[in-house]
Amino acid sequence: MIDSSEAEFRPWEESATTMHNRLRGFSMWPGAFLYLQIGDTEVTKYKILETRVLSERADPTDTVVPGPTKKDGLRLVCFDGSVLEINLLQPATKKPVDALSFV
């Protein structure tokens, strides 16, 4: 039986490919999610709906940042330097938004 805690993104211990594959595997139920703190607000659970793995590498960080161009999504750098781009996400109890609208 699948436990919903298995669907949590853990960038501090997983690669971008692992998280992208988790999203694909859990897309119907329970869905993949990530806890984020935006600015000084409280930590909020976000359901991740669409991602892609980028070929570029970066220094690991604990922040999610917008991509360099306006057409890019949110960039999440994992512990191994791999980069996951989040293109569509859904804040708890709200409608899904694309990364461009989210920023």
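Note that the coordinates shown come from a computational prediction; the quantities given were computed from them, not determined experimentally. Because only heavy atoms are used, hydrogens play no part in the values below, and waters and symmetry mates are left out as well, while side chains stay in.
Closest non-hydrogen pair, Gly81 versus Pro60, comes out as N-CG, 4.2 Å. Taking each heavy atom of Pro96 and Leu88 in turn, the nearest pair found is CB-CD1, 4.5 Å. Of all the heavy atoms in Ser15 and Cys78, the pair that sits closest is C-SG, 3.8 Å. Between Ser82 and Ala16, the shortest heavy-atom contact is OG-N, 2.9 Å. In terms of heavy atoms, Gly31 sits closest to Ala7 at O-CB, 2.9 Å.
Grouping the Ile, Leu, Val, Met, Phe, Trp and Tyr side chains by contacts below 4.5 angstrom, directly or via other members, places Leu49 apart from Val97. Hydrophobic clustering (side-chain heavy atoms under 4.5 Å, transitive across Ile, Leu, Val, Met, Phe, Trp, Tyr) keeps Leu54 apart from Phe9. A continuous path of hydrophobic side-chain contacts links Val53 to Ile48 [ILVMFWY only; heavy atoms under 4.5 Å]. Val77 and Leu89 are not part of a single hydrophobic cluster, where members link through side-chain heavy atoms under 4.5 Å apart.
One N or O on the side chain of Thr44 and one on the backbone of Glu42 form a donor-acceptor pair closer than 3.5 Å. The backbone N or O of His20 lies less than 3.5 Å from no partner atom in the side chain of Thr51, so there is not a single donor-acceptor pair. A donor-acceptor pair under 3.5 Å links the side-chain atoms of Asp72 to the main chain of Thr69, judged by distance alone.
Note that CZ of Arg24 is 13.0 Å distant from CD of Glu50, once rounded to the nearest 0.5 Å. Within the model, atoms NZ of Lys47 and CG of Leu23 stand 9.5 Å from one another, a figure rounded to the nearest 0.5 Å.
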Should Thr61 and Thr63 be marked as a side-chain hydrogen bond (donor to acceptor under 3.5 Å, both in side chains) after you check the CA-CA gap, both sets of side-chain angles, and the distance that decides it?
CA-CA 6 Å; Thr61 179; Thr63 60; 3.2 Å; yes

What do the steps show when you test Leu36 against Val43 for side-chain contact (heavy atoms from CB on, under 4.5 Å), and what is the final call?
CA-CA 5 Å; Leu36 293 175; Val43 177; over 6 Å; no

Does the side-chain hydrogen bond (donor to acceptor under 3.5 Å, both in side chains) test come out yes or no for Asp98 and Ser101, once each step is laid out?
CA-CA 6 Å; Asp98 63 354; Ser101 301; 2.6 Å; yes

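Residues Arg10 and Phe79 are not in side-chain contact: their nearest non-hydrogen atoms beyond the backbone lie 4.5 Å or more apart. Considering only heavy atoms from C-beta on, Leu34 comes within 4.5 Å of Ile86 through its side chain. Side chains of Phe26 and Glu6 form a contact here, defined as non-hydrogen atoms less than 4.5 Å apart. Counting only heavy atoms from C-beta outward, the side chains of Val83 and Arg57 never approach each other to under 4.5 Å. Side-chain contact check for Arg75 versus Glu56: some heavy-atom pair is nearer than 4.5 Å.
For the pair Lys45 and Phe33, the cation-pi test (distance below 6.0 Å, angle within 45°) is passed.
A salt bridge links Arg22 to Glu14: at least one charged side-chain nitrogen sits closer than 4.0 Å to a carboxylate oxygen.
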